[in-house]
There are 2 protein chains.
Amino acid sequence: MNRQDQKGGSVPLELENFLPYRLNVLAETVSQSLARFYESRFGIAIPEWRVVATLGQYARMTAKDIGAHSRMHKTKVSRAVASLENKNLVKRQPNIEDMRESFLELTSKGKKVYAELTPDALAFSRALVASLSPEEQKSLERILERLTETSFQLADQMLQEKEKG
Amino acid sequence: MNRQDQKGGSVPLELENFLPYRLNVLAETVSQSLARFYESRFGIAIPEWRVVATLGQYARMTAKDIGAHSRMHKTKVSRAVASLENKNLVKRQPNIEDMRESFLELTSKGKKVYAELTPDALAFSRALVASLSPEEQKSLERILERLTETSFQLADQMLQEKEKG
DNA sequence: TGAAGATTGTTGCAGGTGAAATCAATTGAC
DNA sequence: GTCAATTGATTTCACCTGCAACAATCTTCA
């Protein structure tokens with residue numbers, strides 16, 4: 001019972017029950033729903049929305065910190081910020097103590113977009129959660145944490161075993 | 001308590017607790033872990049793996065059916081199949097009754113890749129689930145189903161309200 | 001001081017993606 | 001039977017992405 005059968009044919013793999021696949025489909029569905037919404041209402045894409053949300057929360061940050069907080073690649077942040085500057089939603093202020101970086105803030109127009117977008121985004125998120133039973137809601141938090149953490153560990157582990165072992 | 005406060009500033013939105021964001025980070029983490037694994041072991045990408053998995057399960061399908069089953073855009077399927085043909089993992093057989101489509105199957109080499117890949121993929125999936133408590137595992141299935149279903153509904157709902165209402 | 005190395009952010013490039021156009025084959029209406 | 005509409009699959013195009021190279025600016029340490 002503990003060891004899995006190594007014969008390929010005897011181990012059914014059903015894509016529709018395969019967790020990584022299901023997580024992808026779910027995330028994609030949710031993302032696309034929200035992306036269509038952001039786009040149709042404010043003409044911004046997801047990376048831009050993440051920057052706006054981060055600056056809405058922290059008011060003043062460097063691009064590096066935005067990337068760390070929203071887990072976005074630095075080039076993604078750079079391009080999202082550039083696009084938001086063009087739309088006059090974000091402004092840049094030099095950091096006199098370190099001229100490599102700038103402080104970024106929402107403009108008043110940016111704050112307005114944030115204030116309008118936030119209630120709907122939260123409503124969407126809450127509606128998702130509300131479709132779960134109280135018990136499931138309670139599990140959700142831990143499930144997300146655990147799976148994210150575990151997948152990091154497994155990736156390294158599997159690669160090492162197969163490549164070196 | 002039931003109605004959310006509509007004033008933007010008074011509704012905190014923390015990206016790190018925002019469900020759509022967290023689902024994305026999780027799916028991305030899991031995907032990248034697996035993608036690195038598929039790639040390093042067999043030189044195939046995720047869309048290709050999905051095609052292989054689907055054909056491993058159903059043996060003989062058209063491109064359209066593969067797309068429906070794996071929820072992939074038809075162009076994605078088309079390109080994944082083309083790539084798998086080049087690698088001699090998939091072969092194409094004309095459907096004499098409808099020459100627009102072809103039946104696709106794994107070659108013997110493709111079956112071998114499937115047989116080798118499946119145990120590890122399942123082990124990865126099982127290890128993810130095993131990091132959860134029995135109770136959380138029990139919730140997981142329903143949570144995924146519910147959230148996927150609900151996000152479909154919400155998308156339409158929100159767009160209709162905002163665009164037309 | 002100043003030269004090597006690190007860090008922040010931007011850009012060129014190559015690869016992947018979906019929408020729309022297109023091609024090939026089939027079906028339906030007359 | 002024939003032509004328009006439909007369907008399955010591919011290709012074109014424009015866009016987004018991450019890697020790698022780069023520029024600008026600090027930091028380190030001899």
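Residue numbers begin at 1 in each chain, while the letters A, B, ... track the order of the sequences. The basis for the numbers below is simple: all heavy atoms, side chains too, and nothing from hydrogens, waters or symmetry mates. Treat the numbers as computed from the prediction; the structure is a model and nothing was measured.
Nearest-nucleotide assignment on DNA chain D puts the 5′-proximal partner with B:Ala63, out of B:Ala63 and A:Pro47. Both A:Ile96 and B:Glu85 sit near DNA chain D, but only B:Glu85 has its closest nucleotide nearer the 5' end.
Following rounding to the nearest Å, B:Leu104 (CG) and D:dA9 (P) show an atom-to-atom distance of 8 Å. In this structure, B:Asp98 atom CG and C:dG28 atom P are separated by 12 Å, rounded to whole Å. If you take CD of A:Glu28 and C1' of C:dG16, they are 13 Å apart, rounded to a whole angstrom. Put simply, NZ on A:Lys64 is 8 Å from P on C:dT7, counting in whole angstrom units. Atom CZ in A:Arg36 sits about 15 Å away from atom P in C:dG18, given to the nearest Å. Computed from coordinates, the B:Ile66 CD1 to D:dA9 C1' distance equals 12 Å when rounded to whole Å. Per the geometry, CZ belonging to A:Arg92 stands 9 Å off P belonging to C:dG9, to the nearest Å. Across the protein-nucleic acid pair, B:Met72 atom CE and D:dT10 atom P stand 13 Å apart, rounded to whole Å.
Look at A:His73 and you'll find a side-chain N or O under 4.0 angstrom from OP1 or OP2 of D:dC19. At least one side-chain nitrogen or oxygen of A:Ser78 sits closer than 4.0 Å to the OP1 or OP2 atom of C:dT10.
Remark: the B:Arg79 side chain and the C:dG18 base include a donor-acceptor N/O pair separated by less than 3.5 Å. Within 3.5 Å, no donor on the side chain of B:Arg100 pairs with an acceptor on the base of C:dT26, nor the reverse.
Within the nucleic acid shown, A:Lys76 comes within 4.0 Å of sugar-phosphate atoms alone, with no base atom in reach, counting heavy atoms only. A:Lys74 comes within contact range of at least one nucleobase, with a heavy-atom separation under 4.0 Å.
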| task | Could you walk me through whether A:Val81 and A:Arg92 pass side chain to side chain contact (heavy atoms under 4.5 Å, CB included), step by step? | result | CA-CA 9 Å; A:Val81 167; A:Arg92 197 185 294 259; 3.6 Å; yes
| Trace of the salt bridge (charged side-chain N to carboxylate O under 4.0 Å, His left out) decision for B:Arg71 with A:Glu28 | CA-CA 10 Å; B:Arg71 293 227 208 183; A:Glu28 211 175 284; over 6 Å; no
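Look at A:Arg22 and B:Glu141 and you find a salt bridge, because one of the NZ, NE, NH1 or NH2 atoms lies within 4.0 Å of a carboxylate O, short of that distance.
Summarising the local packing, NZ of A:Lys87 is surrounded by more than 12 heavy atoms from other residues, nucleotides or ligands at distances under 6.0 Å.
When atom types are taken as modelled, the side chain of A:Thr148 and the backbone of A:Leu144 share a donor-acceptor pair closer than 3.5 angstrom.
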